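Since we're looking at a predicted model, the values are computed, not measured. Computed from heavy atoms alone, side chains included, the values below leave out hydrogens, waters and symmetry copies. Order of appearance sets the numbers: ligands from 1, and atoms from 1 within every ligand.
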Amino acid sequence: MTVTITFWGARGTIATPGPQTTRYGGNTACVELTDGSGNLVILDAGTGIRSLGKALLTRNGTGGVQADILLSHAHWDHIQGLPYFAPLFMKGNVLKVWGPRQGEVAMETILRQMMHPAVFPVPLDALAATLEVEHVTERDPIITPGFRVTAMRVRHPAVTMGYRLERPGGPAIVYVTDDELGRGGEYDVPQDWRKRFEAFCGGADLLIHDATYTPEEYPSHVGWGHSTWLEAIELAHEAGVKRLALFHHDPEHADGPMDEIVQQAQEAAARWKGLEVFAAQEGQTLTL
Ligand SMILES: [Zn+2]
Ligand SMILES: [Zn+2]
């Protein structure tokens, strides 16, 4: 069975709307996955989720939206769109939000504070939709109506999860935004993390991975929790991935610099047959 993937936001760190980003887009992380039966998983709730919300209401009617929303972590650019996700405000919609506990702080507490009356007019408890917030761990797979999802902690400040989504007879999709593949940074992950991470990404039909920096930019951002496009390509090759989507574009990378990155990345990947590389563009849809 096929899976359709739509990028509603591919920008990292902060939304960057404007004439310089019309092609790659200015909205922050949000990716939609649907299987042939209409089962829906949403990866992250950056500002891109606002447009997805409107599309879902058109597609399913005001009270017919059911979705699992998987949050990688709770940094602004991955949750900021959630209060503006229209299906939350309509009766009949059923939404389940998954995310890692942040040390002592529950994900629900973070979302509740994000909608505190001091900073947002409608509190979490006043939402009309049915909303549940659940924690994700590396141990227990998440079973959604359409996908079996496993999580792995990645190298980023705060507790940040990568997700691998599969379904019987269908493609494997791995989503890892915000991950430092370079040697910098100190993260609470095991010694053999890299080996385990390659296995986690292994053979994926599509890997969506952090490619915030160019190799030239990385030395001044060591320990910030992000990767270069070249590191993402090397990972994809080592893990036997078929297609790599460069993701979490730096706010300073307007359309022109992004075109250059894509060209360099495709030249670098050309020495490995069978690996296709592109940079995720807002509004782009692919079917696997
Ligand atoms: Zn981010
Ligand atoms: Zn982050």
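- Taking 2.8 Å as the criterion, H78 counts as a coordinating residue of the Zn ion (ligand 1), since one of its N, O or S atoms falls below it.
- The Zn ion (ligand 2) is closest to atom OD2 of D178 (considering only N, O or S atoms).
- R148 has no carboxylate O lying under 4.0 Å from a charged side-chain N of E166, or vice versa, which leaves the two without a salt bridge.
- Closest approach between the Zn ion (ligand 1) and any N/O/S atom of D77 involves OD2.
- For E32 and R59, the salt-bridge test passes: some basic side-chain N is under 4.0 Å from an acidic carboxylate O.
- Residue contacts to the Zn ion (ligand 1): D210 brings no N, O or S atom closer than 2.8 Å.
- Of the charged side-chain nitrogens involved, none lies within less than 4.0 Å of a carboxylate oxygen, so that D77 and R11 do not count as a salt-bridged pair.
- Put simply, H73 stays out of reach of the Zn ion (ligand 1), with no N, O or S atom under 2.8 Å from it.
- Below 30°, between 30° and 60°, or above 60°: for W193 and F197 the angle between ring planes is below 30°, a parallel geometry.
- In H75, the N, O or S atom that comes nearest to the Zn ion (ligand 2) is ND1.
- The shortest distance between side-chain heavy atoms of L230 and Y218 does not fall below 4.5 Å.
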